[in-house]
Amino acid sequence: MILIVLRLVILALIIYLLYKGFKYLFDPKRKLELAHEKEEYYFYDDAKNVRKNFFLTYKGVLFQGEKYLGESDRSFEVLSIFVWTKDPSKLQGFTVEDFLFLETDIKSSYPMAQIDWKSPIKELMIKAKKEEETR
């Protein structure tokens, strides 16, 4: 009798470990950290939960975006997004085109949103828009 119970406990432990292993392998936060280390692009967002910020990594820089819900014509949508990075010193080598790429990717998830960058990215984007307008 004890042998059967011991086998069931071992079987349950193996199933639990397999479950935890798969959960770890497919965890989006782990994928974000891995992409950040490899300096690849990855967008992590819980689109169903407006209260949760999204994270994206691009060229080794981790960005965070804060979503704000607002009223559009006939529904409530994310209308405003603020994006920043905690370590602006890692932005060396970034161009306006890189930030425009990030904006278009964010817009693909939130087409009604206006994207505002926090300093120092904001100043670069304003300067680029002024240069574009003068052309």
Side-chain angles (χ1 to χ4, degrees):
M1 182 67 173
I2 294 177
L3 190 59
I4 293 173
V5 172
L6 185 61
R7 285 182 182 173
L8 288 176
V9 168
I10 291 174
L11 180 64
L13 181 64
I14 290 172
I15 291 172
Y16 176 75
L17 290 175
L18 285 174
Y19 167 75
K20 283 297 201 181
F22 280 116
K23 191 173 177 181
Y24 173 76
L25 284 176
F26 295 108
D27 183 26
K29 285 188 179 182
R30 187 190 68 83
K31 290 180 181 180
L32 176 73
E33 291 170 0
L34 188 63
H36 182 65
E37 290 173 5
K38 291 183 177 181
E39 296 187 359
E40 296 175 345
Y41 175 78
Y42 188 77
F43 185 70
Y44 171 67
D45 182 28
D46 185 2
K48 295 178 182 177
N49 190 348
V50 179
R51 293 182 182 194
K52 282 190 176 179
N53 293 352
F54 66 81
F55 297 92
L56 61 93
T57 181
Y58 183 64
K59 293 186 177 182
V61 179
L62 183 65
F63 295 93
Q64 185 173 356
E66 191 170 359
K67 306 175 276 189
Y68 292 98
L69 192 65
E71 182 182 332
S72 66
D73 294 336
R74 305 191 91 180
S75 65
F76 288 100
E77 299 284 335
V78 173
L79 295 180
S80 180
I81 297 176
F82 289 100
V83 183
W84 70 92
T85 182
K86 288 185 179 178
D87 192 4
S89 64
K90 290 188 175 184
L91 293 175
Q92 183 177 359
F94 268 71
T95 62
V96 173
E97 287 77 24
D98 292 326
F99 295 114
L100 291 175
F101 166 75
L102 294 175
E103 277 188 5
T104 56
D105 195 58
I106 295 168
K107 286 268 192 186
S108 68
S109 296
Y110 302 101
M112 303 289 288
Q114 177 186 357
I115 299 170
D116 293 318
W117 297 91
K118 292 195 177 176
S119 196
I121 303 167
K122 182 178 183 176
E123 286 80 14
L124 177 69
M125 297 301 283
I126 290 171
K127 183 178 175 183
K129 286 180 183 177
K130 284 182 182 178
E131 288 178 5
E132 186 177 306
E133 288 174 0
T134 58
R135 290 183 194 173

Expected output: side-chain Thr85 to main-chain Leu62 donor-acceptor under 3.5 Å: yes
In terms of ring plane angle, is the pair Phe26 and Phe22 parallel, tilted or perpendicular, where the classes change at 30° and 60°? parallel
Under-4.0 Å salt bridge between Lys122 and Asp116: no
Taking atom CG of Leu25 as the centre, does the number of heavy atoms from other residues, nucleotides or ligands within less than 6.0 Å exceed 12? yes
Please evaluate residues Lys31 and Tyr44 with respect to the criterion side chain to side chain contact (heavy atoms under 4.5 Å, CB included), reporting the C-alpha separation (whole Å), side-chain torsions for both, the decisive distance (0.1 Å), and the verdict. CA-CA 9 Å; Lys31 290 180 181 180; Tyr44 171 67; over 6 Å; no
Mind running side chain to side chain contact (heavy atoms under 4.5 Å, CB included) on Ile10 and Leu6 for me, showing each step along the way? CA-CA 6 Å; Ile10 291 174; Leu6 185 61; 4.2 Å; yes
Does NZ in Lys38 sit with more than 12 non-hydrogen atoms of other residues, nucleotides or ligands closer than 6.0 Å? no
Can you list the steps and then say if Tyr24 with Arg30 is a side chain to side chain contact (heavy atoms under 4.5 Å, CB included)? CA-CA 8 Å; Tyr24 173 76; Arg30 187 190 68 83; 3.2 Å; yes
Does one hydrophobic cluster hold both Ile115 and Val50, with members joined at side-chain heavy-atom distances below 4.5 Å? yes
Met112 side, atom CE; Leu79 side, atom CG - distance, nearest 0.5 Å: 6.0 Å
Once rounded to the nearest 0.5 Å, what's the spacing between atom CE of Met125 and atom NZ of Lys129? 5.5 Å
Phe76, Val78: one ILVMFWY side-chain cluster at the under-4.5 Å cut-off? yes
Supply the atom-to-atom distance Leu34 CG to Leu32 CG, rounded to the nearest 0.5 angstrom. 9.5 Å
Does Asn49 use its side chain to pair, donor to acceptor, with the backbone of Asp46 at less than 3.5 Å? no
Tyr58/Tyr42 under side chain to side chain contact (heavy atoms under 4.5 Å, CB included): CA gap, chis, key distance, verdict: CA-CA 7 Å; Tyr58 183 64; Tyr42 188 77; over 6 Å; no
Within the 4.5 Å heavy-atom criterion, are Val61 and Thr57 side-chain neighbours or not? no
Can you get from Val83 to Phe101 by hopping between Ile, Leu, Val, Met, Phe, Trp and Tyr side chains that sit under 4.5 Å apart? yes
Sidechain-backbone polar pair: Lys107 side chain, Ala113 backbone, donor-acceptor under 3.5 Å: yes
If you measure from OG1 on Thr95 to CG on Leu124, what distance do you get to the nearest 0.5 Å? 8.5 Å
Of Tyr68, Phe54, Phe63, Trp117, which is the lone residue that meets ring pair (Phe, Tyr, Trp, His ring centres under 6.0 Å) with Phe82? Tyr68
Inspect the surroundings of CD in Gln92 and state if more than 12 heavy atoms from other residues, nucleotides or ligands are less than 6.0 Å away. no
With a 4.5 Å cut-off on side-chain heavy atoms, are Ile106 and Glu103 touching? no
Between the NZ atom in Lys20 and the CG atom in Leu17, the distance rounded to the nearest 0.5 Å is 10.0 Å
Quick test of your reading of the model: are Asp45 and Lys67 salt-bridged, counting only N-O distances below 4.0 Å? yes
So do Ile121 and Trp84 actually touch side chain to side chain, heavy atoms under 4.5 Å? no
For the residue pair Ser109 and Phe43, what are the closest heavy atoms and their distance? OG-CE2, 3.7 Å
